[in-house]
Amino acid sequence: MVHYGHSNQLRQAKAMGDYLIVGVHTDAEIAKHKGPPVFTQEERYKMVRAIKWVDEIVEGAPYVTTLETLDKYSCDFCVHGDDITLTVDGKDTYEEVKHAGRYRECRRTQGVSTTDLVGRMLLMTKAHHSNMDSQHYQQHTDNFGKGPKGHSPWTGVSQFLQTSQKIIQFASGKEPQPTDTIIYVAGAFDLFHIGHVDFLEMVYKQAEKPYVIVGLHFDQEVNRYKGKNYPIMNIHERTLSVLACRYVSEVVIGAPYAVGKDLLDHFKVDLVCHGKTEVFPDNDGSDPYAEPRKRGIFKTIDSGNSLTTDDIVQRIIENRLQFEARNQKKEAKEMAVIEAMKKREHGPGGRGSVGLY
C-alpha cells in the first residue's frame, strides 16, 4: 500500500538531504518477498509521485539496495524506517549499504502499517476506528498479525495518536495569494488511493494558480452516508493522508456536509468541485451543493479513474487468505531475527551492541 506512514518517512528522509529519489518495487518483487501487493505497481508509482516531498521516483527498484544502485542514481546515502526489512530468505536488505556507512534511519509512524490497514478492511465492524480494544478487534488481530510464536514489534497492530506537531509537519503553511483561484472539494478521502490522486490532480489543473482546500467529513458523517464499517481510517489519519498530497494546500478537519454560504464566504471560494461519484443528500434530504450551484461555481470533474475505497476493500477480501498468510509469514521472519539478536547480545562473547526498542 501507500499510506500516511510512508509519507511521514519520506518527509523525514527529505529533511536529511536536498533531493529525494524514491525507489518503488514491482508487483513481482513484492509478491516474492512480502506477499500480494494491495495497489498495482502503476498505481504505486503515481501515488508516490504525488507525495509532496518526493523529487523523483525509480520505477522497478531492486528489493535489495546495493551500493551499485546508490551510485547509479548519484545518491549519497539511502534512508529507511527503523523497522527491519528482510529478503525472502531472512537477510537484512540494507546490509551492504549499512557496512559502507551510506545508510540513515528515520522513525516509523506509530499506529499505522499496511498490516493494520488490511486487518481493518478484513474486520467488518462499524466500531473499528473508535474502539480498537474491543474483543472482536483483539481476537482478529491475534489471528491476523501474529504467528504462533510471540509478537513482532514491527508487524503488530497499534493505534495512531494524532498530535498538533504532526499536523504542522505535514501542513504547507501557505496562505492563499490574491491571484490564487481558491478551489474547494469535500469528501471522506478514506484509504487515500490513486482514484483520489487522479481526482485532485484534475482539480489542481482547473486553474493557473490553484489553491486547493479539501473539506474532510468527521467519521460519524462518513458512516452516515457510506454505511458498513466506513471510514476505514479515522479523521486524524485521513487528514495526514490528504495533507501529504502535492495538489492540496489546506484541509478543513470536520467540514460541514452541506457546502453553505458561511464556508464559501469564509474561504472566499471561487470554484467547488465534485467527482463523478454519487452525491448523497444531507440529513434533511437537501442537496449539499445547492449553494455553489446557485452561485454558478459548481463543477463536476471526471478524473477518468473510477476506483473507489470499496474497490480497494474488495481486493483485500478477495485475497483474504493470501494476506493472512503474508502477515503471519512476515512476523515469523521478524521473530527469528529478534531471537538471533538476543542470542548475539547474551551469547558467549558477552554483551553485544544490539539494542531493540
Side-chain angles (χ1 to χ4, degrees), residues 2-22 46-57 79 106 109 160 162-190 192-218 233 235-256 259-275 292 295 297-299 301 303:
V2 181
H3 53 67
Y4 67 92
H6 298 128
S7 301
N8 191 38
Q9 288 186 312
L10 296 176
R11 177 190 65 78
Q12 293 175 71
K14 178 64 185 271
M16 294 178 190
D18 307 302
Y19 191 84
L20 179 63
I21 301 174
V22 182
K46 195 159 187 182
M47 285 192 71
V48 175
R49 278 194 182 97
I51 295 170
K52 62 185 177 185
W53 298 285
V54 176
D55 294 301
E56 188 185 324
I57 80 155
V79 181
C106 61
T109 310
F160 173 69
Q162 183 71 287
T163 62
S164 56
Q165 184 61 28
K166 186 62 68 218
I167 294 174
I168 289 165
Q169 288 167 347
F170 271 60
S172 71
K174 288 176 188 161
E175 296 279 328
Q177 298 306 302
T179 54
D180 288 351
T181 300
I182 296 169
I183 308 172
Y184 182 78
V185 301
F189 291 88
D190 192 15
F192 197 74
H193 55 71
I194 192 66
H196 298 132
V197 170
D198 284 343
F199 168 68
L200 290 168
E201 185 181 12
M202 284 297 288
V203 168
Y204 187 83
K205 287 176 176 173
Q206 297 305 303
E208 204 176 312
K209 290 183 178 174
Y211 187 92
V212 179
I213 301 174
V214 176
L216 287 178
H217 301 139
F218 277 133
M233 283 182 163
I235 185 72
H236 305 305
E237 299 175 296
R238 292 184 285 119
T239 298
L240 295 187
S241 303
V242 173
L243 280 174
C245 180
R246 65 172 70 248
Y247 306 118
V248 175
S249 301
E250 182 63 289
V251 169
V252 180
I253 304 166
V259 182
K261 182 180 181 301
D262 290 349
L263 185 143
L264 295 175
D265 293 345
H266 178 82
F267 291 110
K268 299 181 173 62
V269 175
D270 299 302
L271 183 65
V272 175
C273 296
H274 190 271
R295 294 187 184 196
I297 60 168
F298 182 79
K299 189 171 185 179
I301 300 289
S303 67

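Just so you know, these numbers come straight off a predicted model, no measurement behind them. Values below: all heavy atoms of this structure, side chains included; hydrogens, waters and symmetry mates excluded.
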Any donor-acceptor N/O pair, E250 side chain to V248 backbone, under 3.5 Å: no
Tell me, please, which residues at least two apart from Y4 pass ring pair (Phe, Tyr, Trp, His ring centres under 6.0 Å). F160
Residue pair V251 / F189, side-chain heavy-atom distance below 4.5 Å: no
If I compare all heavy atoms of I297 with all of V269, which pair ends up nearest, and what's the gap? CD1-O, 4.0 Å
Spacing of CZ belonging to R49 relative to CD belonging to E56, to within rounding of 0.5 Å: 9.0 Å
D18: which residues meet the side-chain hydrogen bond (donor to acceptor under 3.5 Å, both in side chains) condition with it, sequence neighbours left out? none
Given side-chain contact (heavy atoms from CB on, under 4.5 Å), test Q206 with T181 step by step and report yes or no. CA-CA 9 Å; Q206 297 305 303; T181 300; over 6 Å; no
Backbone of I21 reached by a side-chain donor or acceptor of D55 within 3.5 Å: no
Do I182 and D270 make a side-chain contact, defined as non-hydrogen atoms from C-beta onward lying under 4.5 Å apart? yes
When you compare the side chain of N8 with that of L240, does any pair of heavy atoms fall below 4.5 Å? no
List in chain and number order the residues that pass side-chain hydrogen bond (donor to acceptor under 3.5 Å, both in side chains) with R246, two or more places apart in sequence or in another chain; answer none if no residue qualifies. none
Kindly give the heavy-atom pair with the smallest separation between M233 and E237, and that separation in Å. CA-OE1, 3.4 Å
Tell me every residue that passes side chain to side chain contact (heavy atoms under 4.5 Å, CB included) with A188, counting only those two or more places apart in sequence or in another chain. D190, V222, Y225, R238
Determine whether V22 and I51 make a side-chain contact, defined as any pair of heavy atoms from C-beta on separated by less than 4.5 Å. no
Just jot down the ring pair (Phe, Tyr, Trp, His ring centres under 6.0 Å) partners of Y211, sequence neighbours excluded, or say none. none
Under the side-chain hydrogen bond (donor to acceptor under 3.5 Å, both in side chains) test, residues paired with Q162 that sit two or more places apart: none
Test side-chain contact (heavy atoms from CB on, under 4.5 Å) applied to V272 and L264, step by step: CA-CA 9 Å; V272 175; L264 295 175; 3.6 Å; yes
D262 meets the side chain to side chain contact (heavy atoms under 4.5 Å, CB included) criterion, sequence neighbours left out, with none
Ignoring hydrogens, what is the shortest heavy-atom contact between V185 and C273? Give both atom names and the distance. CG1-O, 3.6 Å
What is the minimum heavy-atom distance between A13 and L20, and which atoms define it? CB-CD1, 3.9 Å
Residues K268 and D180 bridged, charged N to O under 4.0 Å: no
Y247 vs V212 side-chain heavy atoms within contact, under 4.5 Å: no
Once ring pair (Phe, Tyr, Trp, His ring centres under 6.0 Å) is applied, do any residues pair with H3, and if so which ones, sequence neighbours excluded? H6
Distance-minimising heavy-atom pair for H217 and A255: CD2-O, 3.5 Å
Shortest non-hydrogen contact from P210 toward S249: O-OG, 4.5 Å
Does the side chain of Q12 reach to within under 4.5 Å of the side chain of V79, using non-hydrogen atoms? no
Look at the aromatic rings of Y184 and F267 and report parallel, tilted or perpendicular, splitting at 30° and 60°. parallel
Counting C-beta onward and ignoring hydrogens, is there a side-chain heavy-atom pair between M47 and H196 closer than 4.5 Å? no
Applying salt bridge (charged side-chain N to carboxylate O under 4.0 Å, His left out) as the test, list every pair that has at least one member in residues 194-217; sequence neighbours left out. K46-D198, K46-E201, E201-K205
Non-neighbouring partners of F298 that pass ring pair (Phe, Tyr, Trp, His ring centres under 6.0 Å), sequence neighbours left out: Y289
How would you list, by chain and number, every residue that makes a salt bridge (charged side-chain N to carboxylate O under 4.0 Å, His left out) with R11, sequence neighbours excluded? none
S303 meets the side-chain hydrogen bond (donor to acceptor under 3.5 Å, both in side chains) criterion, sequence neighbours left out, with none
In Å, rounded to the nearest 0.5 Å, how long is the span from OH of Y204 to CD1 of I301? 15.0 Å
